[in-house]
Structure formats: C-alpha cells, structure tokens
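Working notes, beginning with the structure itself.
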Amino acid sequence: MNKPRKFFSGKVKDVCILGALAILLTFAAWKIFYKDDEAQAVSKIAASDTETKIGKLLEEIEGVGSADVMICETEDGVTGVVVVCEGANDFQVVMHVREAVAAALGTEQKAVKIYLKKE
C-alpha cells in the first residue's frame, strides 16, 4: 500500500520556503531603496520655503516686480532654478536676478533661467 503523502514534504516544502524567501527579499529591497519618501516630502516643504524666501528677496530688487521661483534639486544639490518675474524684459534686471539667485543658493549663474511673467 502507498503511504499518504504529507502536503509539506519534499519539493513542495522547498518551493514554499523559496517563495517565502523571495517575498521577504523583495520587501527588504523595497524598504532599502524606497525608504526616503518621508525625506522627500520634508525636502519639498523646505524647498517651498526657500522658494518663497528667494521670491520675496527678488521682489525687493528694483525693476523685478512680482516674482515666482522654482528650485530643481537632486541629492547632489541645486541643478537649476526657474524665475518668472515681471521685469524680465529688462537685461539689467535679468542680470541682477541671476546674480542674486546664484549667490543665495550657491549655484552657478548659468543654472538660473529667468522668464517674463505674463500680464
């Protein structure tokens, strides 16, 4: 007579263990490589505060008018800045804005792009 087979014996047991290990490994990798969601949210809040501060600073420069700032950054630092202001049609204002933003953020002037705000 044949003996009744246990459900978790032999190859089935090995497959279940390997499957569980694969799921555990996937979960661990997910936690390691995607753990900075909270850090990114905090970074966005801080960047928003910095953008507001720089926007207000720029509005104090003669000829700039109303200004909006967007800072593009990665783990390596600021990669670019976009400024949209009313005075961007004046070359002297553009130069002042570019210098002020670069100095405030410690980035190169060529990373600062300035555009005219629509009416």
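Small disclaimer: the values here were computed from a predicted structure and weren't measured. Start at 1 with the first residue, then count along the sequence.
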Leu105 and Thr50: side-chain contact (heavy atoms from CB on, under 4.5 Å), yes or no, with the steps?
CA-CA 9 Å; Leu105 294 174; Thr50 303; 3.9 Å; yes
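- No side-chain heavy atom of Val101 sits less than 4.5 Å from a side-chain heavy atom of Val69.
- The CD1 atom of Ile54 lies 10.0 Å from the CG atom of Asp49; values are rounded to the nearest 0.5 Å.
- Note that CD1 of Ile71 is 10.5 Å distant from OG1 of Thr79, once rounded to the nearest 0.5 Å.
- To the nearest 0.5 Å, atom CG of residue Asp68 and atom CD of residue Glu59 are 7.5 Å apart.
- Counting only distance, with no hydrogens or angles, the side chain of Glu86 and the backbone of Lys117 share no donor-acceptor pair below 3.5 Å.
- Looking at every heavy atom in both residues, Val94 comes nearest to Ala88 through CG2-O, 3.2 Å.
- Considering all non-hydrogen atoms of both residues, Val78 and Thr107 come closest at O-OG1, 4.0 Å.
- One distance of note links CG of Leu21 with OG1 of Thr26; it measures 10.5 Å at 0.5 Å rounding.
- Atom CD of Gln109 has more than 12 heavy atoms from other residues, nucleotides or ligands within 6.0 Å.
- Grouping the Ile, Leu, Val, Met, Phe, Trp and Tyr side chains by contacts below 4.5 angstrom, directly or via other members, places Ile114 with Ile61.
- Nearest heavy atom pair, residue Ala102 against residue Val112, reads N-CG2, 4.2 Å.
- Between Lys110 and Lys113, the shortest heavy-atom contact is O-NZ, 3.1 Å.
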